[in-house]
2 protein chains.
Amino acid sequence: MNFQQLRIFREAVRRNFNLTEVAGALFTSQSGVSKHMKDLEAELGVELFVRRGKRLVGLTGPGREMVPYVDRMLLDAQNLRTIATEYGGREDGALTIATTHTQARYALPRVVAAFRAACPRVHLGLYEAAPEQIAELLHEGRADIGIATEGLGDRESLAVFPFYEWHHAVIVPAGHPLERVQPLTLEAVAAYPLVTYREGFTGRERIDAAFAAAGLAPDFVLSAMDADVIRTYVELGLGVGILASMAAETTTGAGLRVLSGDNLFGRNTTWIAVSRDTYLRGYAYRFIELCDPSLDEARIRRESSSQSD
Amino acid sequence: MNFQQLRIFREAVRRNFNLTEVAGALFTSQSGVSKHMKDLEAELGVELFVRRGKRLVGLTGPGREMVPYVDRMLLDAQNLRTIATEYGGREDGALTIATTHTQARYALPRVVAAFRAACPRVHLGLYEAAPEQIAELLHEGRADIGIATEGLGDRESLAVFPFYEWHHAVIVPAGHPLERVQPLTLEAVAAYPLVTYREGFTGRERIDAAFAAAGLAPDFVLSAMDADVIRTYVELGLGVGILASMAAETTTGAGLRVLSGDNLFGRNTTWIAVSRDTYLRGYAYRFIELCDPSLDEARIRRESSSQSD
DNA sequence: GATGCTTACGATACCCGTAAAGATA
DNA sequence: TATCTTTACGGGTATCGTAAGCATC
C-alpha cells in the first residue's frame, strides 16, 4: 500500500471510475494507474471495483467502506505538509475561505482588508459557493474556513462558531404604499408579491418560518441567490424585497426605500466553520480572530479537537 | 512520504528516539531507518527531531504536532486491511478485549463462552489492564473493545455504551460483630480497618465518595487490584472487605460472610468502549451484542461515527 | 471506430542492507 | 570503550511510461 495508490483510488471514486481520466488528473500514465489499482486489490485480497467486462463501473462493498478512510489518510498527509510549512517560519502560504455571496459581499470586506494588512504575504482566496457545498469543501480539505448562515451545523466533522447576528429588512420602491404602514406587519408585507432569497440561502428558512407562523402564504415571485438581483427587481417594481440587513444598509438612493424588518423575521446567526480533520496554519486563526476577537486560536483549537487526545 | 517512514517515525516516538531499537522492532537496518527519517525531514523541509550532536533526544514543535496525525494514518491503513479481511468472507480473525480483572473474572466468562460458541474461528484475546491503560490501548488500535467501570469517559476518541450496573458488598469473617448490625450503616463499617480496591479500580471512587459524603474518614489498610486479594486478607482478619457484588456472589464458604452494601455505596456502571477511529470486524459487534442485545451493530456504528460523512 | 482497461517491457529511481566512519556518553 | 547516528556503496526491486493487445460501447 502506498500513497500513490490511495490518491488514484480517491480520484477514481471522484471521477466515476474512469482510469484514463484519473491518469490525466494525476499527471501519470493510465497503464500505471491500472496496475496500481490491481496491485492494491491484490495486496488487500479484495476487489475494490465492480467491473463490467474490462470497464470499472462502481465500488464493491469493501471499496465503499474504504472511501472515508482513504480520504482521511490523504487529508492527514496534507496536514503533515501544512504543519511543516507552518513551522518553516515562512509567513506566506494560502488561505481559502468558502462562503456565500451575502457574506462575501457585505460581511467579509472589512475582515479581508484587515487580514491583507496583517498578513500581506498570504494568498487569500475567496470561494463563493452554495451553503451545502461549503460543508463539503471544508470536509474535503479544499477550503480552510467556511462562513455561512445555514448548512454548517449538520456535520460532526465540522466545528462551528457564531460569527454575528443579523435580521432581514424590507425594501420597496420609493412611494410604495408600505412606506406609510406604521408599524410594518407581516400581514401588510404578505399582501404584495415578494422578491427574496432562494431556499437554502441567506436566512430564507427564517422568512418562510415567520410567514408560516403567522398563517400567511405569501406570493414569492422571484427567488434569488443574492441581494443585487433582489434590488434590481424591486426597482423594476416586480414586488416587495426582503433581504439581509447588511445588504439593505448599502442600498443607495436609486429610488429604493429600506423599511426595518427587525421585528418581523427572527434573528439569524452567521457561523464560522472549520473541519476537525484539517490542520490550519497560524494565519487561519488570525483571520478568524479578525472576524471576532473572542474566537481566539486557543478556543478554536480546543473546541475543534475531537481526534487525538 | 511513504508508510515505512511513518511507521519509523511512530516507533521512534514510542521508543524514545533510539533508532537502533526502532530498526530492531521493525525488522530492518538502522541505516535505512536513519536515512528514512532524514528523507522525511528533507521532504517536509522541517526538522522533526531535536538532536544533541548526533543523538536524537526529542521532538521539535512540528514533530510533536505531527504525532497524532501519523498515528491516525497508520491506524487507517490498518483499518483498510481490516475491511478487506472482513469482506474476504472469512470467519476467522482476531478480537482483542481490553478489560480489568474484575470484569474478566466475573462479568465476561458468560459472554466469552457464548462468543466462542457463536464464532469458534475467531481468536479471542483478553488483555487485562488498568482502567487508564484500556483507553490508551483502544486509542492506539491495539485492542478492539474495552470494558471497564472507570476511565473510559474522558476521551473524545472513544464511544462508550453502558453494559450493566452493579453495587458494592461488604464481606467479613464469620462471627464478625458487623454481622449483627441491622441494618448495616456506613458509620458501622468505617469503625473497622477496611480492605478494598486501589484508587482508579472497580468503583473505588464511589466508595470514597460515599464515606466522604457521610463525613467519615475510614482507615484503608489494604488497597488491592482484585477481589481475590481482598478476600484473602479479610480471611486473615486484616479488616472488613468491600468488593464488587459480582465478586461477592462467588464468595464460597471459607469462613466469609457477605453483607449487602446495596444502600451504602452508589450504583456503578460498567461501560463498553470502542475507538471511533478503529474499523471493527463483524464479529466484534457480535461480541458486544452478547454483552447486551440492545447494543446492536447499527446502534454502535451510528453512535461511534463522528468522522466521515 | 472510439473509448477505456490490461499486459508486456525496458529505463529509471528508489529502497534496503552491509560496511565503514564519525560522534556521543 | 561502548553505543548510536550518519554516510557511502552495491544489489535488488518497484515504479513509470511507451507501446501494443483487447474488451466495451
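Just so it is clear, the model here is predicted, and its values are computed rather than measured. In the text below, chain A, chain B and the rest are named by the order of the sequence lines, each starting its count at 1.
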message = If I take atom CG from residue A:N18 and atom CD from residue A:Q30, how far apart are they, to the nearest 0.5 angstrom?
response = 9.5 Å

query = Can you say whether the rings of A:Y283 and A:F115 are parallel (under 30°), tilted (30 to 60°) or perpendicular (over 60°)?
reply = perpendicular

query = Whole-Å distance between C:dC14 C1' and A:N2 CG?
reply = 12 Å

task = Tell me which of A:G53 and A:Q4 sits closer to the 5' end of DNA chain D, going by the nucleotide each one is nearest to.
result = A:Q4

inquiry  = Regarding A:R155 and A:E132, does a basic nitrogen lie under 4.0 Å from an acidic carboxylate oxygen?
reply    = no

query = Can you tell which of C:dT3, C:dT6, C:dC16 lies closest to the side chain of A:R55?
reply = C:dT3

inquiry  = Can you confirm whether B:F3 is buried at CZ, in the sense that more than 12 heavy atoms of other residues, nucleotides or ligands lie under 6.0 Å from that atom?
reply    = yes

ask   = Taking atom P of C:dC5 as reference, at what distance in whole Å does atom NZ of A:K54 sit?
value = 10 Å

remark   = d(B:M1 CE, A:Q78 CD) to nearest 0.5 Å is 8.5 Å

remark   = Ordered by number, residues from residues 17-41 of chain B within less than 4.0 Å of DNA chain C (heavy atoms) are B:T28, B:S29, B:S31, B:H36

message = With a 4.0 Å limit, can you tell me whether B:R52 has a side-chain N or O closer than that to the phosphate oxygens OP1/OP2 of C:dA25?
response = yes

key: Rounded distance (Å) that lies between atom P of C:dT3 and atom CZ of A:R15   = 18 Å

message = Between the side chains of B:R281 and B:D144, is the shortest nitrogen-to-carboxylate-oxygen separation below 4.0 Å, so that they form an ion pair?
response = no

Note: B:R286-B:E297 ion pair, threshold 4.0 Å (strictly below) = yes

request  = Return the value, rounded to whole Å, for the distance between atom CG of A:N16 and atom C1' of C:dG4.
outcome  = 14 Å

key: Candidate list A:T149, A:D226, A:T202, test side chain to side chain donor-acceptor pair (under 3.5 Å), partner A:T102, passing option   = A:T202

ask   = Does B:R7 come within less than 4.0 Å of B:E11, counting only side-chain N to carboxylate O?
value = no

task = Can you sort out which residues in residues 57-64 of chain B have a heavy atom within less than 4.0 Å of DNA chain D? Ascending by number, please.
result = none

ask   = On DNA chain D, which is the earliest and which the latest nucleotide, 5' to 3', with an atom closer than 4.0 Å to a heavy atom of chain A?
value = D:dT15 to D:dC25

task = Using a strict cut-off of less than 4.0 Å between a Lys/Arg side-chain nitrogen and an Asp/Glu carboxylate oxygen, indicate whether A:E303 and A:R276 qualify as a salt bridge.
result = no

ask   = With a 4.0 Å cut-off, would you call A:R51 and A:E41 a salt bridge?
value = yes

